[in-house]
Amino acid sequence: MPHAPPITAVIVDDEAHCREALTGLLQQHFPAVDVRGAAVDVAGALELVRHEKPALLFLDVELGDRTGFDLLEALGDERPHVIFTTAHEGYAVKAIRFSALDFLLKPIDPDELRAALDKVGQRAHPRQRPDQFIALMRNMLLHAHDGERIALPVADGLEMVEVGSILRCESDGNYTHVHVKGGKPLLIARTLKEFEDLLTGRGFIRVHHAHLINVRHVRRYVRGEGGEVIMDDGTSVMVSRRKKRELMDGLERL
């Protein structure tokens, strides 16, 4: 039975111990991955990728005072398959997950590395689309700047939505209906939990298992065991008893 051809790869990370650890893991457990080189910054990475034309790029999210996105912008559409690596378990991971891109959390676990490489090796695995990278860049910026727009993956591309215009997000299994002020609801192929991860801390509270609301768009609170809120669009949303205190705190902060 013929062996599969090796997967050529380069590693871009500004920390020596991270480059060495990933290289060692690949050499020990995944000899089919042929590491052609490593770079520590955007300029060096751009030259290396253009010279080696690897099939796979392991890319750190933060590179000194620049980011992996600077490299992706410079590469344009002719980029290898990208697996992001990050030591930041919080927002960076949420944004990458939301954009449906591959990532590894440092220190890298061999089993997670195997799962990521298995996906790269599958011929049926869909090619990473430019709109996924745009969404990731948008949603990473969302963390840094109030008033930014969020990139929502819709059926035919991306819908850029002002975070402040979102009234509520409503669960529908593995999908979420996003209700936007003055617009039609958007059906997004992300769970409500993913929206909660991305938007919590920006004025959004999960008041019920099926609803994440923007407290800035609460028109009225009606008392009850948990109570209910009337949103700016007239919608009534039930509040679970255990979420009542969190909601009250959020409304008091307005």
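Just so it is clear, the structure is predicted and the values come from calculations on it, not from any experiment. The figures here come from the full heavy-atom set of this structure, side chains too, leaving out hydrogens, waters and symmetry mates.
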When you measure from the side chain of [X] to the backbone of [Y], do you find a donor-acceptor pair of N or O atoms at a distance under 3.5 Å?
X    : Y    : value
N139 : L136 : no
S99  : L101 : no
H217 : G164 : yes
T176 : R190 : yes
E73  : D70  : no
K53  : R50  : yes
Q132 : A100 : yes

- Take R253 and L251, measure what side chain to side chain contact (heavy atoms under 4.5 Å, CB included) needs, and give me the verdict at the end. CA-CA 5 Å; R253 286 194 294 269; L251 292 173; over 6 Å; no
Are [X] and [Y] connected in the hydrophobic side-chain network, where two residues link if heavy atoms are under 4.5 Å apart?
X    : Y    : result
F204 : M238 : no
V93  : M137 : yes
V178 : I134 : no
L247 : L167 : no

A side-chain contact here means heavy atoms from C-beta on lying under 4.5 Å apart; do [X] and [Y] qualify?
X    : Y    : value
I83  : L56  : yes
V82  : Q128 : yes
L158 : P153 : yes
L26  : L117 : yes
L186 : V161 : yes
M231 : R219 : no
F98  : F195 : yes
L59  : L72  : yes

Closest contact, heavy atoms only, [X] versus [Y]:
X    : Y    : value
D102 : K119 : OD1-NZ, 2.6 Å
T8   : P54  : OG1-CA, 3.4 Å
G250 : V215 : O-CG2, 4.3 Å

- Item | Non-neighbouring partners of F84 that pass ring pair (Phe, Tyr, Trp, His ring centres under 6.0 Å), sequence neighbours left out | none
- Partners of Y91 by ring pair (Phe, Tyr, Trp, His ring centres under 6.0 Å), sequence neighbours excluded? H143
- When you look at K243 and H208, which way does the side chain to side chain contact (heavy atoms under 4.5 Å, CB included) test go after all the steps? CA-CA 7 Å; K243 284 292 188 176; H208 185 270; over 6 Å; no
- Task: Any chance you could pull the hydrophobic cluster mates of L187, using side-chain heavy atoms under 4.5 angstrom and chaining through other members?
- Result: Y175
- Which other residues end up in the same hydrophobic cluster as V222, if Ile, Leu, Val, Met, Phe, Trp and Tyr are linked when side-chain heavy atoms come under 4.5 Å apart? I230
Using the test side chain to side chain donor-acceptor pair (under 3.5 Å), find all partners of [X] that sit at least two apart in sequence or belong to another chain.
X    : result
K181 : none
T235 : R168, D233
D60  : K106
R206 : E196

- Carefully, step by step, assess F30 and I7 under the rule side chain to side chain contact (heavy atoms under 4.5 Å, CB included). CA-CA 10 Å; F30 308 97; I7 301 172; over 6 Å; no
- Query: Just by distance, with hydrogens left out, do E228 and S236 show a side-chain donor and acceptor under 3.5 Å apart?
  - Reply: yes
- Task: State which residue, out of L57, V10, V120, fulfils the side-chain contact (heavy atoms from CB on, under 4.5 Å) condition with P80.
- Result: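 It is L57, the one option of L57, V10, V120 that forms the side-chain contact (heavy atoms from CB on, under 4.5 Å) with P80.
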- Item | F133-F69 aromatic ring centre distance below 6.0 Å |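 Ring centres of F69 and F133 not closer than 6.0 Å.
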- Audit row: K244, Y221, side chain to side chain contact (heavy atoms under 4.5 Å, CB included) steps and yes/no: CA-CA 10 Å; K244 181 176 179 178; Y221 172 73; 3.1 Å; yes
Could you pull out all donor-acceptor pairs under 3.5 Å where a side-chain atom in residues 14-24 meets a protein atom, sequence neighbours excluded?
unit_1: D14; atom_1: OD2; unit_2: G64; atom_2: N; d: 2.7
unit_1: R19; atom_1: NH1; unit_2: D13; atom_2: O; d: 2.8
unit_1: T23; atom_1: OG1; unit_2: R19; atom_2: O; d: 2.8

- Run the salt-bridge test on K193 and D197 with the 4.0 Å N-O cut-off and return the result as yes or no.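 Salt bridge present between K193 and D197.
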- Within 6.0 Å of CZ in R79, more than 12 heavy atoms from elsewhere: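 Yes - once you tally the heavy atoms of other residues, nucleotides and ligands closer than 6.0 Å, there are more than 12.
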- Message: A quick test of your reading: do over 12 heavy atoms of other residues, nucleotides or ligands sit less than 6.0 Å from NE2 of H29?
- Response: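 Correct, the count exceeds 12.
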- For R245, enumerate each residue passing the side-chain contact (heavy atoms from CB on, under 4.5 Å) test, keeping only those at least two apart in sequence or located in another chain.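 Testing R245 for side-chain contact (heavy atoms from CB on, under 4.5 Å), a comparison that skips the adjacent residues, returns M248, D249, E252.
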- Message: E78: which residues meet the salt bridge (Lys or Arg N to Asp or Glu O under 4.0 Å) condition with it, sequence neighbours left out?
- Response: none
Which atom pairs, one a donor and one an acceptor, fall under 3.5 Å between side chains of residues 32-42 and the rest of the protein, sequence neighbours left out?
unit_1: D34; atom_1: OD2; unit_2: R36; atom_2: NE; d: 2.7
unit_1: D34; atom_1: OD2; unit_2: R36; atom_2: NH2; d: 3.4
unit_1: R36; atom_1: NH1; unit_2: E52; atom_2: OE1; d: 3.4
unit_1: D41; atom_1: OD1; unit_2: G44; atom_2: N; d: 2.7

